[in-house]
Amino acid sequence: MPDFKTSPGTRDILAPDSSRWRAFQNIFATNVEAAGYSYIIPPMFEDLDVFLRLGEATEVVTKEMYDFHDKGGRHIALRPEQTASVCRAFVEHRPTTPWKVWYSGPNFRYEKPQQGRYRQFDQVGIEALGVDDAFLDAEVIALASSFYAALGLKQVELSINTLGDSGDRENYSQLLAAYFSKHETKLTAESKATLTRNPLRVLDSKREPDQEVIAGAPRIRESISKSASEHFSAVLRALDALNVSYKINDRLVRGLDYYRRTTFEFVSTSLEAAHTAIGGGGRYDGLVEALGGPATAGIGFALGLDRTLLACDAEGVFAAPSTDVDVFVVDTVDGTHAHELCHQLRANGIRADRAYDLRSIKAQMKSADRSGARFALIVGSDEVSNSTVMLREMVLGKQNSVLRKDVLSELSILLKK
RNA sequence: GUGGGCGUAGCUCAGUUGGUUAGAGCGCCAGGUUGUGGUCCUGGAGGCCGGGGGUUCGAGACCCCUCGUCCACCCCA
């Protein structure tokens with residue numbers, strides 16, 4: 001056993017998974033940049049207070065923060081998500097609105113790891129600030145939806161709900177608290193605990209014994225303001241116009257406290273494990289204000305890389321792209337020829353690798369095979385003496401002699417086929 | 001944070017009721033093939049059996065602790 005291993009909940013992403021990650025991020029970037037979202041790279045840590053604005057009833061804030069005091073005495077936290085950072089950046093730079101940004105990168109939560117849940121986990125996401133328009137809600141949701149489609153995912157369901165405005169949410173929360181307290185004896189112990197912390201989240205319980213009480217609970221849409229209700233209808237109409245299918249789920253409240261109005265979640269029906277939620281988001285009108293900025297509307301989503309890739313595995317889509325080189329150079333003379341040929345090929349955009357330590361031709365050919373290169377260039381003493389190289393097409397097992405000076409042009413032609 | 005399963009070679013795993021120098025397959029290296037990979041054959045390297053303590057004449061096997069990992073709960077992406 002090695003002396004050192006990765007910390008719990010962290011891991012090394014090696015090839016071919018690493019190239020899959022990068023492709024994932026590239027596809028995401030292409031999709032959202034095509035919709036006017038620009039790239040933001042916020043810091044991975046901030047003043048703890050930035051994240052405290054996410055809400056005191058949120059476990060992400062109260063129990064799972066990676067926080068520490070730095071050498072300057074600042075109370076710092078590794079970001080548990082990126083929405084708060086984006087809002088802080090908005091307040092700090094005051095860009096013109098609408099401000100549409102996307103991000104990609106790791107977040108940190110001190111949780112007990114299990115499948116699809118890590119202490120360092122990656123998300124991609126977008127945030128759009130300064131716009132109240134229901135068309136934006138629908139645009140954001142549609143972008144997530146078409147991104148899943150771009151990966152090849154089919155078994156993804158969209159749930160959507162509205163939480164009303166902040167006053168509505170408060171009222172509803174109290175209404176629920178009253179209702180659940182009345183029926184407390186019928187609730188599971190876990191739900192009772194949740195009730196004292198955040199009555200809304202009791203609705204999220206998937207425990208069987210709770211279902212009857214939940215079914216009878218008051219519905220939020222009965223107690224939201226007219227404007228919030230109209231906003232929700234407009235979002236749904238805008239989704240219909242794009243043929244984005246959804247399920248209204250009036251029990252969907254989501255984890256973070258800052259959500260207002262539109263809230264949504266993407267669930268993979270191909271996953272068996274507990275973690276089927278592969279992405280989610282919503283409006284967070286008021287969060288910018290909480291961070292000291294002007295009253296500003298905001299909406300966004302975050303998608304978990306790991307979970308989305310698990311869903312891809314389950315559906316057998318989005319394989320890791322190949323990173324194989326085009327050419328592998330075998331040099332049994334002294335290594336100099338491989339050295340120079342690789343350099344020349346690479347300089348001309350041909351992906352090339354070689355063997356080292358002047359191993360036997362057999363060993364070098366084995367490396368060539370493993371490299372996945374389509375062609376091998378073989379240089380032995382015969383080739384050196386008549387200024388040629390042997391060009392071998394690996395899968396065909398055919399080879400022919402090529403003048404050393406023609407190698408580049410010859411390969412360029414062959415690789416285009 | 002709570003509960004349960006599992007830690008033996010780089011990987012996947014065998015290892016009888018405790019009994020000598022701990023095994024297989026795959027992978028890796030070398031040779032068979034003095035200029036050729038993928039198939040085949042032969043050989044080789046590689047293990048403080050997660051760590052610590054205990055029981056025993058004797059522990060990879062049993063007990064305790066600890067760490068890691070997986071699963072469920074909680075929570076969430």
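The structure displayed is predicted, hence computed values, not measured ones.
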At under 4.0 Å between heavy atoms, what does [X] touch on the DNA or RNA strands: base, sugar-phosphate, or nothing?
{"X": "A:Arg370", "value": "sugar-phosphate"}
{"X": "A:Val330", "value": "nothing"}
{"X": "A:Gly125", "value": "nothing"}
{"X": "A:Ile278", "value": "sugar-phosphate"}
{"X": "A:Asp382", "value": "base"}
{"X": "A:Pro8", "value": "sugar-phosphate"}
{"X": "A:Glu383", "value": "base"}
{"X": "A:Gln399", "value": "base"}
{"X": "A:Arg359", "value": "sugar-phosphate"}

Self-check item: d(CG, A:Leu54; P, B:C75) in whole Å
Solution: 18 Å

Quiz prompt | Option from A:Gln120, A:Arg79, A:Arg119 for which side chain to side chain donor-acceptor pair (under 3.5 Å) with A:Asn107 holds | solution = A:Arg79

Quiz item: How do A:Lys362 and A:Arg117 order along RNA chain B: which one's closest nucleotide is nearer the 5' end?
Solution: A:Lys362

Practice problem: Tell me which of A:Tyr118 and A:Val395 sits closer to the 5' end of RNA chain B, going by the nucleotide each one is nearest to. | Solution: A:Val395

Quiz item: Using a cut-off of less than 4.0 Å, is there contact between a side-chain N or O of A:Gln115 and OP1 or OP2 of B:C71?
Solution: yes

Quiz item: Salt-bridged, A:Lys247 to A:Glu157, with N to O below 4.0 Å?
Solution: yes

